[in-house]
Amino acid sequence: MAEALTARGLSVTQMEQLPEVLPTVDPELGALVKDELIRQGVDVLTGTAVKQIHRVGERLRVDATAGRGEPVTRTVDVVLVVVGVRPETQLAADAGITLGMKGAIAVDKRMRTNLPNLFAAGDCVVTHHRLLGESYLPLGTTAHKQGRIAGENALGGTREFAGSLGTQVVKVFDRVVTRTGLRDPEAAAVGFDPLTVQSQADDHKAYYPGSRPICMHVTGDRATGRLLGVQLFGHLRSEIAKRIDIAATAIFHGMSVDAISEVDLSYTPPLGSPWDAVQTAAQAWSSRLSSDSHR
Ligand SMILES: Cc1cc2nc3c(=O)[nH]c(=O)nc-3n(C[C@H](O)[C@H](O)[C@H](O)COP(=O)(O)OP(=O)(O)OC[C@H]3O[C@@H](n4cnc5c(N)ncnc54)[C@H](O)[C@@H]3O)c2cc1C
């Protein structure tokens with residue numbers, strides 16, 4: 001929305017109570033997103049918690065506190081409140097449907113609720129996650145898969161939802177940020193022994209004009225070497241979304257971080273490198289694991 005409103009010629013201020021914008025990715029990548037917002041003219045105030053919004057004549061005054069409680073005030077024409085997504089499941093609860101995590105509808109892998117012949121899918125349900133077990137992940141990709149399964153099973157089918165990895169991608173002006181799988185703290189919380197390594201690689205061979213860096217975080221399990229999560233930040237033209245899909249496919253099939261380097265990926269200098277950026281990120285992870293173990 002910061003991008004869309006800026007494109008419409010509005011002067012945009014973005015307030016975020018956490019230390020970085022976009023807390024769905026690691027703070028280092030959030031900082032890169034913030035840099036891009038600032039570069040494009042957005043007034044970004046992190047560590048700033050909105051306390052009150054007052055009407056002042058035709059305008060709105062936003063009162064916030066920053067840092068150690070210093071007051072921050074902006075008087076604006078429009079306020080857009082973007083504080084997350086919650087399932088609206090009262091109708092289901094009133095009908096006797098069992099709810100689960102975050103008040104979402106509990107379903108099995110066949111998208112069945114506890115009531116006979118009643119299926120549910122999409123933003124209103126608890127989503128099976130391949131690494132976490134349960135999650136609440138309201139995404140269009142998940143809704144499409146679950147909806148198809150619910151429909152097929154409502155007609156007598158037996159198909160099961162294979163599970164989400166929370167793969168998501170967002171364009172922020174000229175940059176793209178994306179993630180799949182688990183971040184370090186999420187992996188630790190479900191019993192993995194995670195190691196997260198940051199690295200950088202060019203989107204294609206540097207001698208071919210126009211190459212740009214991709215910033216990458218790879219999270220793997222120290223004990224088994226299994227790939228658990230990847231986060232990427234880079235330019236809009238750097239195939240960031242398709243590169244995260246390599247990682248999503250690898251995690252879906254339980255691959256190790258090491259095995260990423262064995263995959264036969266495409267290469268030509270204007271588009272990539274003999275070792276794709278995702279493969280060099282995997283190699284950086286393996287090198288760190290081995291240097292840590294020799295300490
Ligand atoms: C701004 C925005 C951007 C997004 N971008 C992405 C993205 O880039 N990638 C991605 O994967 N996901 C994205 N999403 C999420 C994605 O849109 C949702 O996860 C997806 O649409 C959920 O599908 P759904 O069928 O569960 O719900 P919905 O698409 O919300 O459909 C539910 C429908 O049910 C109707 N309805 C509600 N109550 C009743 C009732 N009582 N009776 C009859 N009808 C009712 C509603 O009117 C609505 O049409 C985005 C969401 C938003 C809001």
Side-chain angles (χ1 to χ4, degrees), residues 1-8 10 12 14 16 21-25 29-30 33 36-37 42 78-113 115 117-130 132 134-154 159 161-182 229-234 236 238-249 251-252:
M1 288 309 296
E3 176 184 349
L5 296 173
T6 302
R8 292 289 297 243
L10 276 73
V12 178
Q14 184 169 331
E16 165 59 59
V21 297
L22 206 69
T24 48
V25 295
L29 275 79
V33 173
E36 175 65 5
L37 289 165
V42 179
V78 177
V79 174
L80 180 68
V81 181
V82 187
V83 289
V85 180
R86 209 164 37 196
E88 168 53 274
T89 49
Q90 195 55 49
L91 184 66
D94 292 347
I97 294 179
T98 304
L99 305 183
M101 176 186 253
K102 296 201 175 178
I105 296 172
V107 286
D108 64 9
K109 289 184 183 176
R110 293 191 185 176
M111 310 313 299
R112 293 180 293 201
T113 68
L115 296 186
N117 303 324
L118 258 170
F119 297 77
D123 283 3
C124 63
V125 304
V126 177
T127 285
H128 168 59
H129 191 289
R130 289 178 78 83
L132 294 173
E134 279 191 349
S135 65
Y136 179 65
L137 278 165
L139 289 166
T141 46
T142 309
H144 272 260
K145 294 182 186 76
Q146 292 177 337
R148 185 172 288 195
I149 289 162
E152 183 172 330
N153 292 346
R159 195 176 292 271
F161 177 58
S164 168
L165 291 171
T167 310
Q168 51 199 275
V169 60
V170 60
K171 169 186 179 291
V172 185
F173 291 97
D174 286 342
R175 300 290 184 272
V176 172
V177 61
T178 180
R179 65 168 285 183
T180 186
L182 305 182
V230 175
Q231 302 165 65
L232 306 175
F233 174 91
L236 186 57
S238 294
E239 304 279 13
I240 300 297
K242 289 304 129 193
R243 285 187 156 114
I244 205 69
D245 292 342
I246 298 170
T249 306
I251 298 171
F252 188 94

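These numbers come from a predicted model, not from an experiment. Order of appearance sets the numbers: ligands from 1, and atoms from 1 within every ligand.
- Residues Glu36 and Asp174 have side chains in contact (heavy-atom distance under 4.5 Å, counting atoms from C-beta outward).
- Contact check for Thr141 versus Thr167: no side-chain heavy atoms found under the 4.5 Å cut-off.
- If you check the side chains of Gln168 and Thr178, you find no donor sitting under 3.5 Å from an acceptor.
- With sequence neighbours excluded, the residues that form a side-chain hydrogen bond (donor to acceptor under 3.5 Å, both in side chains) with Gln90 are Asp94.
- Side-chain contact between Phe233 and Ile240: absent, with no pair of heavy atoms (C-beta onward) separated by less than 4.5 Å.
- At least one side-chain heavy atom of Phe161 sits under 4.5 Å from a side-chain heavy atom of Thr142.
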Between ligand 1 and the protein, tabulate every N or O atom pair separated by less than 3.5 Å, reporting distance only.
residue: ligand 1; atom: 11 (O); partner: Gly140; partner atom: N; Å: 2.9
residue: ligand 1; atom: 11 (O); partner: Thr141; partner atom: N; Å: 3.4
residue: ligand 1; atom: 12 (N); partner: Gly140; partner atom: N; Å: 2.9
residue: ligand 1; atom: 19 (O); partner: Asp123; partner atom: OD1; Å: 2.7
residue: ligand 1; atom: 19 (O); partner: Leu139; partner atom: N; Å: 3.4
residue: ligand 1; atom: 19 (O); partner: Leu139; partner atom: O; Å: 3.3
residue: ligand 1; atom: 19 (O); partner: Gly140; partner atom: N; Å: 3.1
residue: ligand 1; atom: 26 (O); partner: Asp123; partner atom: N; Å: 2.8

